[in-house]
Number of protein chains: 2
Amino acid sequence: MHAREVLASSGHHRGAARDKLIDLLAAQDCALSALEIEDTLRRDGSVARASVYRALDLLHDHELVTRLELGDGVARYEPADPTGRHHHHHLICEQCGQLVPFDDPGLERSIHNLSRRLGFVINEHEVTLRGNCADCS
Amino acid sequence: MHAREVLASSGHHRGAARDKLIDLLAAQDCALSALEIEDTLRRDGSVARASVYRALDLLHDHELVTRLELGDGVARYEPADPTGRHHHHHLICEQCGQLVPFDDPGLERSIHNLSRRLGFVINEHEVTLRGNCADCS
DNA sequence: CTACCTGCAAATTTTTTGCATCCGG
DNA sequence: CCGGATGCAAAAAATTTGCAGGTAG
């Protein structure tokens with residue numbers, strides 16, 4: 001993640017808590033909730049819950065993480081992809097509970113088309129499927 | 001809404017709170033949060049918050065309402081459409097804050113296609129766009 | 001009568017804020 | 001130094017649960 005540079009160049013200092021959080025998210029490629037992040041970081045030196053939320057907020061403001069709400073009332077975060085190359089969406093398997101990322105060019109094309117048809121300017125979009133993953137079907 | 005019949009035929013009694021809630025949702029065609037529903041119902045005779053959540057849960061279990069989480073940490077509910085005829089998705093306008101419903105056959109087709117391509121069984125899907133609505137563009 | 005429904009209040013869970021202090025540049 | 005960054009504890013906000021009646025069928 002070039003997150004640190006982006007933040008530095010907009011006048012933000014560095015700090016232990018956010019630093020660890022950035023590394024954790026960069027390693028993980030799937031979405032984590034704030035509380036999961038807190039638990040993981042707490043093990044390895046104390047990191048306050050508040051710092052986790054503040055760091056996620058900041059990263060989200062700078063579009064360095066994507067915020068997902070998948071229907072269980074918990075927000076999840078994953079590294080945003082500035083190149084758009086790893087852009088993806090999610091299927092929640094109702095059988096095994098897994099969160100399965102996928103991408104689909106046809107879907108992206110449709111969203112682009114409808115944006116023109118309906119006169120919307122779309123800055124962000126999120127698609128969530130619920131059903132059975134390939135393994136559970 | 002045929003909600004009352006569905007619930008009756010699965011052994012549920014009727015009650016004042018849920019009854020009013022069903023009417024409210026049926027009238028409204030856009031999504032409301034639990035707390036908005038509570039406020040509205042409270043004005044016209046006391047309805048407890050717990051009853052609102054319990055009724056929404058029950059309706060959701062029977063697929064009579066759709067539950068949306070649009071990114072602000074609040075769940076919203078709208079009547080589900082068993083015919084599929086009023087199936088739609090949402091744009092949140094970042095300018096004026098409005099929730100704008102839309103539908104798009106191309107989008108639906110894409111989702112159907114990717115389901116086959118990836119081997120998913122899709123029971124439900126939800127698309128959320130963030131950007132500017134037609135008026136604000 | 002019995003099972004379901006309701007209101008109230010209290011408990012949980014997730015997220016936010018206030019404040020004193022620490023630290024990066 | 002100064003403007004962030006952090007931890008802690010307390011506060012808010014959203015949702016859930018326990019319980020003692022009430023009511024539909």
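So that the names make sense, note that chain A is the first sequence line, chain B the second, and so on, each numbered from 1.
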Take atom CD1 of I37(B) and atom P of dG7(C), then tell me their distance rounded to the nearest Å.
14 Å

When the nearest nucleotide of DNA chain D is assigned to S33(B) and to G15(B) on a heavy-atom basis, which residue is associated with the more 5' position?
S33(B)

Any donor-acceptor pair under 3.5 Å joining the side chain of R54(B) to the base of dG7(C)?
yes

Are a donor atom and an acceptor atom from the side chains of H88(A) and E78(A) found within less than 3.5 Å of each other?
yes

Determine: side-chain N/O of S46(B) to OP1/OP2 of dC8(C), distance under 4.0 Å, yes or no.
yes

Starting at CD of E38(A) and ending at P of dT16(C), how long is that distance when rounded to a whole Å?
14 Å

Side-chain-base donor-acceptor pair under 3.5 Å for H13(A) and dG3(D):
yes

Does the ring centre of H125(A) sit less than 6.0 Å away from the ring centre of H89(B)?
no

Side-chain touch N113(B)/L107(A), heavy atoms, less than 4.5 angstrom:
no

Across the strands shown, which category fits A55(A) at heavy-atom distances under 4.0 angstrom: base, sugar-phosphate, nothing?
nothing

Taking only the side-chain nitrogens and oxygens of S51(A), find out if one of them lies under 4.0 Å from OP1 or OP2 of dG7(D).
yes

Quick note, V47(B) side chain, CB onward, closest among dT6(C), dG7(C), dT16(C) is dG7(C)

Whole angstrom value for the distance that separates C1' of dT6(C) from CZ of R18(B)
11 Å

Starting the side chain at C-beta, find the nucleotide from dC5(C), dT15(D), dA5(D) nearest to L58(B).
dC5(C)

Have E94(A) and N123(B) got a donor and an acceptor in their side chains that come within less than 3.5 Å?
yes

Can you tell me the distance, in whole Å, between the CZ atom of R42(A) and the C1' atom of dT6(D)?
12 Å

Can you measure H12(B) atom NE2 to dA24(D) atom C1' for me and round it to whole angstrom units?
14 Å

How is A75(B) classified with respect to the nucleic acid when contacts are heavy atoms under 4.0 Å: base, sugar-phosphate, or nothing?
sugar-phosphate

The side chain of R14(A) is closest to which nucleotide in this list: dG25(C), dC8(C), dA9(D)?
dG25(C)

Roughly, in whole Å, what's the span from CG in D19(B) to C1' in dG25(D)?
15 Å

Over how many whole Å does the gap from R49(A) atom CZ to dC8(D) atom P extend?
11 Å

Please tell me which of the listed nucleotides, dT6(C), dC8(D), dT15(D), lies nearest to the side chain of A17(B)?
dT6(C)

Counting heavy atoms from C-beta on, name the nucleotide in dC5(C), dT16(C), dT15(D) closest to the side chain of Y53(A).
dT16(C)

Taking C-beta and beyond as the side chain, do T66(B) and R76(B) meet within less than 4.5 Å on heavy atoms?
no

Atom CG of D57(A) to atom C1' of dT6(D): distance rounded to whole Å?
15 Å

